[in-house]
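Inspection log for the structure reproduced underneath, given as C-alpha cells.
In what follows, chains are A, B, ... by sequence order, proteins preceding strands, each numbered from 1.
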Protein chains: 2
Amino acid sequence: MARAGVTAERLVRAAADLADEVGFDNVTVSALARGFGVKDASLYSHIRNAQDLRERVAVLALAELADRGATALAGRAGKDALVAFANAYRDYAKEHPGRYAAMQIDLTPEIAAASAAGRHSEMTRAILRGYDLSEPDQTDAVRLLHSTFHGYATLEAAGGFRHTPRDTESSWSRTLDALDVLLNHWPRT
Amino acid sequence: MARAGVTAERLVRAAADLADEVGFDNVTVSALARGFGVKDASLYSHIRNAQDLRERVAVLALAELADRGATALAGRAGKDALVAFANAYRDYAKEHPGRYAAMQIDLTPEIAAASAAGRHSEMTRAILRGYDLSEPDQTDAVRLLHSTFHGYATLEAAGGFRHTPRDTESSWSRTLDALDVLLNHWPRT
DNA sequence: GTGGTAGCCTAGGGCCTCTAGCTTTCAGGG
DNA sequence: CCCTGAAAGCTAGAGGCCCTAGGCTACCAC
C-alpha cells in the first residue's frame, strides 16, 4: 500500500487545475481520487466533503487573483492603474476559467471574511485614489467597476460576444477608455 | 395508473420555478419527477436528458426577460429607456434568481440563435439610439452596458455588496446616472 | 369496438457522495 | 531495535442522480 502523499493543499491545487481543464462543475471527488491513484473515500480525511473542496478552490482563486491585482497596481496610478488592474482581472479569467468560476460560488460570511475577498474591494478602491471621488460616490464607483469587470469577463468567457464580428480585444480596450472618462466625469450629487 | 399530465412545457415551467426556489444547480430530474408524483424515467419521454432540460429553462428565461425588456422600452428613449431597461433586467434577476442563473449556461450556437438572445442585443442597441454613437463605438457600448447590468445583477445576488453599508438601491440608481453620463461623453476615436 | 400513440412503469447499470470501521505506513521515543 | 500512535489508505455499503430498454395502459380517432 504505497502512499500517494495526498495533502489538503495538493488536493485543492489539483482540483483547481482540473477545474481549468474540464470546468468547475465537472470537478468531482472521484475524478480527483483517480488522478491521485487513490480511492474516493481516502480523500475524506483531507476534505470535509465536496462542498468544502469547492470552497477551498474558491479561496485559492481569490488569493491568486488578489496577488495578481496587487502586482498590477504596484507603482501605478490613475488610468494606468485602472487598465493594469482590469487586465489582471480579465487575463486571470481567461487563463483560469475553472478557478474564476469557483470564485463565483456563494461563500459563507466566515469563509468570505477569512478569504482575500476583502483585498479585492480595497484594491478597486485604491484605483479610485487617482480620481477625485468621495463617499458615497466612491463605493458606488467601486461597485460599478467591479460589476463591469466581472460582467465582461463572464460574458466573454461564455461566448456572449461571439455573435458580433467586432473583436473583444478592441472592445475591452475601449471599455477601459470609457470607464476612465466616466470616473473623470462622475455625476456629482 | 392515473396520468399526471406531464408535458414538456409544464416540465420546463416547473423546473424554472424549482430553480427560483432552490437554486438552478439543485434542479434535478428526480426532484422534478417527485414534484409530479411520477418516476424519473417517465420524464425522459418529454426531455432528452438533464442538459436538455436546463437548456429549455434557459431559453424560457431569455424569452421572459426579453418580453419584460420590450415592455420597459416601449415609448421611452434616452436615459428613460436606459433606466427602464436596466431595471427590468435587475428586477428579473432578483425575482427569478434560478431562471437568471439558467440564462448564463453556455448554449449551443443553434439553440442560442433560436432563442431570444438576439432580442437582448437588439434592445440594448435600441437604447443607444438616444445617444449619438456610431459603429464600432455602438457595439462597444452595448458590450459595456450588458456587462455592467449582468455584473451588477450577479454580484448583488451573490451578496458581493453585503460587506459595505451603502444600500444597493442607491448605488444602482447612481450607477445608471453614471452610465448615462458615460454614453453622453463616450470617448471619440 | 379497436388500433395507435402517448404517458407511465419496472428493472437495472453507471457514476458520484459520504460513512463506518479496518489495515498499513512511518516517525519518534523508550 | 522494538513499540506505538497518528496519519494515510482500503473495503464495504447505502443512497442519490442520470439514463436506457422494454413492457403495460389510458385515451383518442375512426
*Indicate whether OP1 or OP2 belonging to C/dC9 is found under 4.0 Å from a side-chain N or O atom of B/Ser42.*
yes
Show me the donor-acceptor pairs within less than 3.5 Å that the side chains of residues 101-118 of chain A make with the rest of the protein, sequence neighbours left out.
| unit_1 | atom_1 | unit_2 | atom_2 | d |
| --- | --- | --- | --- | --- |
| A/Gln104 | NE2 | A/Tyr100 | O | 3.1 |
| A/Thr108 | OG1 | A/Glu110 | OE1 | 3.4 |
| A/Thr108 | OG1 | A/Ile111 | N | 3.3 |
| A/Ser115 | OG | A/Ala112 | O | 2.7 |
| A/Ser115 | OG | A/Ala117 | N | 3.1 |

*Is the NZ or CZ atom of B/Arg143 positioned over A/Tyr152's six-membered ring, under 6.0 angstrom from the centre and within 45° of the axis?*
no
*Whole-Å distance separating the CG atom of B/Leu43 from the P atom of C/dG7*: 12 Å
*If the plane angle is over 60° it's perpendicular, under 30° parallel, otherwise tilted; pick one for A/Phe149 and A/Tyr89.*
tilted
*Any luck finding a side-chain donor-acceptor pair between B/Trp172 and B/Asn87 under 3.5 Å?*
yes
*Any pair with a residue in residues 90-99 of chain A that passes salt bridge (charged side-chain N to carboxylate O under 4.0 Å, His left out), sequence neighbours left out, goes on the list, sorted by first then second residue, please.*
A/Asp17-A/Arg99, A/Asp20-A/Arg99, A/Glu64-A/Arg99, A/Arg68-A/Glu95, A/Arg90-A/Glu156, A/Arg90-A/Glu169, A/Lys94-A/Glu156
*asked:* Taking ring-ring contact (aromatic ring centres under 6.0 Å, His included) as the definition, give me every residue that meets it alongside B/His185, ordered by chain and number, with sequence neighbours left out.
replied: A/His185
_Any residue in residues 18-41 of chain A with a heavy atom nearer than 4.0 angstrom to DNA chain D? Just list them by number, or reply none._
A/Val38, A/Lys39, A/Ala41
*Of residues 44-56 of chain B, the positions that come close to DNA chain C - non-hydrogen atoms, cut-off under 4.0 Å*: B/His46
*Short N-O contact, A/Glu135 and A/Arg125, less than 4.0 angstrom*: yes
Can I get a per-line list of side-chain donor-acceptor pairs under 3.5 Å for residues 70-79 of chain B, giving both atom names and the distance, sequence neighbours left out?
| unit_1 | atom_1 | unit_2 | atom_2 | d |
| --- | --- | --- | --- | --- |
| B/Thr71 | OG1 | B/Asp67 | O | 3.0 |
| B/Arg76 | NE | B/Ala72 | O | 2.8 |
| B/Lys79 | NZ | B/Asp177 | OD1 | 2.7 |

